[in-house]
Amino acid sequence: MIDLKLLQKDFQTISNKLSRKGVDAELLENLKIKNEELKVAKALYETLQAAQNSMSKDFGIYKKEGKDTTELKAKVDENKIKISEALETQRIKQEALESLAMSIPNIPDDDVPEGKDENDNVEIKKVLTPREFSFTPKEHWELAEQNGWIDFERGVKLATSRFSVSFGMGAKLERALINFMLNFNSKRGFDEVSVPSIVNRAALEGTGQLPKFEDDLYKLQDQELFLIPTAEVPVTNLYQDEILAANQLPIKMTAYTSCFRKEAGAAGRDTRGMIRQHQFHKVELVSITKPQQSDEIFDEMVQTASDLLSALELPHRLVRLCGGDLGFGAAKTIDLEVWLPGQNTYREISSVSNTREFQARRAKIRFKDGDKNSFVHTLNGSSLAVGRTLVAIMENFQNEDGSITIPKVLTPYLS
RNA sequence: GGAUAGAUGGGUGAGCGGCUGAAACCACAUCCCUGCUAAGGAUGCGUAUGGGUAACUGUACCGAGGGUUCAAAUCCCUCUCUGUCCA
């Protein structure tokens with residue numbers, strides 16, 4: 001959630017910044033007005049309530065002293081009607097404000113490039129050089145089927161389209177990758193956690209998936225519970241509504257979970273293969289930091305994901321997302337894109353974001369900042385998407401006969 | 001699924017419907033005293049939000065949501081969660 005005080009104080013700046021994320025100034029104007037209206041309504045209610053409280057106190061004193069309370073009672077009853085009216089207006093204003101405020105995305109950092117969509121993202125650097133093939137490299141689905149690693153039809157049989165099944169070495173490799181990634185991240189100081197795959201509405205509101213993106217989520221039929229679209233949700237919300245001690249920070253965590261996404265609006269995109277599935281494995285990094293250390297930790301997370309790809313000998317590049325491509329909660333994001341020779345292109349395999357205090361404000365995650373409480377910064381990033389890593393391994397390590405060489409670092413995990 | 005007990009501030013744990021935003025203890029912070037593997041004393045110490053330069057002060061919050069009342073942590077209802085017992 002954006003800082004309403006800041007909006008009130010420096011409307012133009014906020015509005016300019018958010019316009020880069022495609023937020024209409026009118027919407028913000030509206031938010032500002034709603035905020036002011038709420039303040040007025042609250043002030044009225046509180047004044048009336050103060051009067052009521054003081055009269056009630058008098059009432060007690062009167063009774064004790066045996067004085068007549070008829071007149072006071074009349075006054076108090078009259079005031080009571082005004083209070084209930086004032087309270088109702090305040091409640092309506094509050095709801096209006098909240099529902100609007102919760103749907104406004106985070107303010108992008110100043111160094112976020114201008115741009116409309118992914119075509120305006122800015123490459124930072126390439127890491128490792130893609131190998132030269134003496135033959136035409138195949139795409140991963142062909143290799144996956146040829147090697148008997150992945151069965152797309154049977155996934156559909158069990159569930160629906162965009163589900164797949166891994167067999168044999170395909171399944172083993174997935175498991176090896178998960179373990180390798182978790183160990184790698186642990187060595188970099190990210191503590192391993194294992195969390196629920198189902199979360200409640202408050203958790204999703206905390207990280208920003210709700211209320212705006214309910215269509216992307218799988219929801220349980222009988223309860224207000226959802227399948228997680230990313231481990232970011234349960235892991236970040238671990239500290240929801242808590243005030244952390246300054247010396248607890250930074251908290252750096254890594255978690256493996258399955259992720260579930262409806263991929264609404266992705267019709268026709270990546271329909272073939274396992275680039276875009278409804279269920280996929282992912283190892284995530286989440287950090288909770290003091291504001292002044294979040295940039296440093298952000299870089300550390302990007303570096304960790306990049307080093308992980310390098311350890312797997314996968315060529316990749318770092319891309320700074322432009323304003324228009326930035327996610328709802330992100331102030332800045334760097335994507336890691338892995339080279340896929342079969343597709344002859346770089347594809348997203350990790351996305352590292354600093355949400356600054358956007359999620360912390362929603363999830364009420366604070367820390368003791370000297371003698372006052374401040375919001376923490378929260379960051380998240382994949383390290384890495386397992387399915388896409390498997391895809392990258394297949395395409396980069398393929399041989400002319402369609403067989404696949406296993407990256408050296410994974411062999412200890414496969415014995 | 002049924003029965004029953006419970007849910008209070010960082011922790012333990014009091015709390016007659018009004019003087020309770022909440023005793024006490026622990027923890028924590030600052031200071032004092034003293035000095036030896038310690039102890040003692042003083043003060044402060046919940047969260048959010050409004051007003052005020054500040055001192056200070058208004059409002060709300062004792063699992064959540066409703067209700068009764070001039071007045072609710074305290075009474076009533078519903079729900080959630082936890083413990084125990086039964087199936």
Side-chain angles (χ1 to χ4, degrees), chain A residues 1-9 31-102 195-196 198-206 210-211 219-226 234 237-249 251 288 290-291 357-376:
Chain A
M1 194 151 85
I2 68 166
D3 185 350
L4 291 171
K5 271 190 208 155
L6 208 62
L7 182 80
Q8 215 64 48
K9 216 170 69 194
L31 184 67
K32 191 177 168 216
I33 291 165
K34 281 197 159 67
N35 190 35
E36 282 158 1
E37 284 179 355
L38 175 64
K39 260 175 98 168
V40 172
K42 257 191 169 156
L44 174 65
Y45 167 73
E46 286 179 6
T47 311
L48 292 169
Q49 189 62 48
Q52 186 78 358
N53 287 344
S54 112
M55 282 191 278
S56 286
K57 250 179 199 153
D58 289 345
F59 203 97
I61 295 165
Y62 279 32
K63 280 275 180 198
K64 213 177 198 175
E65 293 173 351
K67 281 202 227 167
D68 178 42
T69 55
T70 348
E71 202 182 321
L72 185 58
K73 171 101 165 71
K75 259 165 72 185
V76 131
D77 282 342
E78 192 189 335
N79 195 47
K80 220 174 153 182
I81 296 164
K82 286 196 215 151
I83 287 183
S84 68
E85 283 166 4
L87 183 61
E88 181 62 9
T89 345
Q90 189 208 297
R91 196 186 57 78
I92 291 165
K93 303 267 184 212
Q94 176 102 43
E95 266 172 26
L97 178 74
E98 257 170 33
S99 73
L100 184 58
M102 289 291 274
V195 290
I198 293 178
V199 293
N200 57 33
R201 186 170 284 275
L204 287 153
E205 283 175 349
L210 288 179
K219 181 171 189 258
L220 301 202
Q221 201 172 8
D222 305 324
Q223 289 169 290
E224 279 290 291
L225 293 172
F226 303 80
N237 278 289
L238 242 23
Y239 296 97
Q240 179 198 109
D241 205 16
E242 291 192 25
I243 300 171
L244 302 160
N247 63 14
Q248 281 179 273
L249 301 175
I251 298 172
I288 295 178
K290 292 181 194 168
E357 54 175 61
F358 185 80
Q359 291 180 329
R361 193 178 291 280
R362 291 175 156 241
K364 298 190 181 67
I365 309 174
R366 291 149 295 171
F367 76 105
K368 282 270 170 223
D369 187 6
D371 54 0
K372 66 178 199 298
N373 297 326
S374 299
F375 289 111
V376 297

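Residue numbering restarts at 1 for every chain, and letters A, B, ... go by the order of the sequence lines.
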salt_bridge(Arg91(A), Glu88(A)) N-O dist < 4.0 Å: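 Looking at Glu88(A) together with Arg91(A), the answer is yes, because their closest N to O distance falls below 4.0 Å.
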Would you tabulate the pairs of protein nitrogen or oxygen atoms and nucleotide nitrogen or oxygen atoms of nucleotides 6-12 of chain B closer than 3.5 angstrom?
none

Asp369(A) side chain vs Lys372(A) backbone, donor-acceptor pair below 3.5 Å: no
Short side-chain to backbone donor-acceptor contact, Arg201(A) and Pro211(A), under 3.5 Å: no
Using atom [atom1] in both nucleotides, what's the gap between [N] and [M] to the nearest angstrom?
{"N": "C36(B)", "M": "A22(B)", "atom1": "P", "result": "42 Å"}
{"N": "A23(B)", "M": "C16(B)", "atom1": "P", "result": "14 Å"}
{"N": "C77(B)", "M": "A5(B)", "atom1": "P", "result": "12 Å"}
{"N": "C76(B)", "M": "U12(B)", "atom1": "P", "result": "26 Å"}
{"N": "U80(B)", "M": "G63(B)", "atom1": "C1'", "result": "8 Å"}
{"N": "A42(B)", "M": "G46(B)", "atom1": "C1'", "result": "22 Å"}
{"N": "G67(B)", "M": "G13(B)", "atom1": "C1'", "result": "29 Å"}
{"N": "C19(B)", "M": "A71(B)", "atom1": "C1'", "result": "13 Å"}

Short side-chain N/O contact from Gln49(A) to OP1 or OP2 of A60(B), under 4.0 Å: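 So the side chain of Gln49(A) is within the cut-off, an N or O lying under 4.0 Å from OP1 or OP2 of A60(B).
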Phosphate-side-chain proximity, Asn53(A) and A71(B), N/O vs OP1/OP2 below 4.0 Å: no
Greater than 12 external heavy atoms within 6.0 Å of Lys219(A)'s NZ: yes
Atom NZ of Lys364(A): over 12 foreign heavy atoms under 6.0 Å: no
Nearest 0.5 angstrom please: [X] [atom1] to [Y] [atom2], how far?
{"X": "Met1(A)", "Y": "Arg361(A)", "atom1": "CE", "atom2": "CZ", "value": "7.0 Å"}
{"X": "Ile243(A)", "Y": "Lys368(A)", "atom1": "CD1", "atom2": "NZ", "value": "5.5 Å"}
{"X": "Ile92(A)", "Y": "Leu87(A)", "atom1": "CD1", "atom2": "CG", "value": "10.0 Å"}
{"X": "Leu244(A)", "Y": "Ile288(A)", "atom1": "CG", "atom2": "CD1", "value": "6.5 Å"}
{"X": "Gln8(A)", "Y": "Asn35(A)", "atom1": "CD", "atom2": "CG", "value": "4.5 Å"}

Per Lys368(A) side chain, nearest of listed nucleotides A71(B), G46(B), U59(B):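 Out of A71(B), G46(B), U59(B), the nucleotide with an atom closest to Lys368(A)'s side chain is G46(B).
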Which nucleotide in C70(B), U47(B), A60(B) has an atom nearest any side-chain atom of Lys73(A): C70(B)
I need the [atom1]-[atom2] distance between [X] and [N], as an integer number of Å.
{"X": "Leu97(A)", "N": "U49(B)", "atom1": "CG", "atom2": "C1'", "result": "13 Å"}
{"X": "Met1(A)", "N": "A48(B)", "atom1": "CE", "atom2": "C1'", "result": "12 Å"}
{"X": "Leu38(A)", "N": "A48(B)", "atom1": "CG", "atom2": "P", "result": "18 Å"}
{"X": "Gln52(A)", "N": "U69(B)", "atom1": "CD", "atom2": "P", "result": "13 Å"}
{"X": "Gln94(A)", "N": "A48(B)", "atom1": "CD", "atom2": "C1'", "result": "11 Å"}
{"X": "Asn373(A)", "N": "U49(B)", "atom1": "CG", "atom2": "C1'", "result": "14 Å"}
{"X": "Tyr62(A)", "N": "C19(B)", "atom1": "OH", "atom2": "C1'", "result": "17 Å"}
{"X": "Ile61(A)", "N": "A71(B)", "atom1": "CD1", "atom2": "P", "result": "16 Å"}

Considering non-hydrogen atoms only, spot the tightest contact between [X] and [Y] and give its length.
{"X": "Asn237(A)", "Y": "Ala202(A)", "answer": "OD1-O, 4.4 Å"}
{"X": "Met55(A)", "Y": "Val76(A)", "answer": "CB-CG2, 3.5 Å"}
{"X": "Gln90(A)", "Y": "Ala41(A)", "answer": "CA-CB, 4.1 Å"}
{"X": "Leu38(A)", "Y": "Gln94(A)", "answer": "CD1-N, 3.7 Å"}
{"X": "Leu210(A)", "Y": "Arg362(A)", "answer": "O-NH1, 3.2 Å"}

Touch class at under 4.0 angstrom, heavy-atom based, for Asp58(A) against every strand present: nothing
Sequence-distant partners of Arg366(A), side chain to side chain donor-acceptor pair (under 3.5 Å), two or more places apart: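 Arg366(A) satisfies side chain to side chain donor-acceptor pair (under 3.5 Å) with no other residue.
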Counterpart residues, salt bridge (Lys or Arg N to Asp or Glu O under 4.0 Å), relative to Lys9(A) (two or more places apart):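 Salt bridge (Lys or Arg N to Asp or Glu O under 4.0 Å) check on Lys9(A) returns nothing, list empty.
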Partner set under salt bridge (Lys or Arg N to Asp or Glu O under 4.0 Å) for Glu242(A), not counting sequence neighbours: none
Ser54(A) or Lys42(A), whichever maps to the more 5' nucleotide of RNA chain B: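 Going by which nucleotide is closer to the 5' end, it is Lys42(A).
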RNA chain B: 5'-proximal contact among Thr47(A) and Phe375(A) (nearest heavy atom):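 Closer to the 5' end of RNA chain B: Phe375(A).
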Results of ring-ring contact (aromatic ring centres under 6.0 Å, His included) for Phe358(A) - residues two or more places apart only: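 Partners of Phe358(A) by the ring-ring contact (aromatic ring centres under 6.0 Å, His included) criterion, ordered by chain and then number, come out as Phe328(A).
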Please write out each protein N/O paired with an N/O of nucleotides 16-18 of chain B under 3.5 Å, distance rounded to 0.1 Å.
unit_1 : atom_1 : unit_2   : atom_2 : d
G18(B) : N2     : Ser56(A) : O      : 2.6

Show me the protein contacts with nucleotides 50-55 of chain B, counting only N or O atoms at under 3.5 Å.
none

Please write out each protein N/O paired with an N/O of nucleotides 74-80 of chain B under 3.5 Å, distance rounded to 0.1 Å.
none

Please list every donor-acceptor pair under 3.5 Å in which a side-chain atom of residues 44-52 of chain A meets a protein atom from a residue at least two apart or in another chain.
unit_1   : atom_1 : unit_2   : atom_2 : d
Tyr45(A) : OH     : Gln49(A) : OE1    : 3.3
Thr47(A) : OG1    : Ala43(A) : O      : 2.6
Gln49(A) : NE2    : Asn53(A) : OD1    : 3.2
Gln52(A) : OE1    : Asn79(A) : ND2    : 2.9

Those residues of residues 75-86 of chain A lying under 4.0 Å from RNA chain B by at least one heavy atom: Val76(A), Asp77(A), Lys80(A)
Listed partners of Pro291(A) passing side chain to side chain contact (heavy atoms under 4.5 Å, CB included), at least two apart: Phe367(A), His377(A)
Identified stems (criterion: three or more consecutive Watson-Crick or G-U pairs, under 3.5 Å), RNA chain B: B:1-7 with B:80-86, B:10-12 with B:24-26, B:28-32 with B:40-44, B:46-51 with B:56-61, B:63-67 with B:75-79
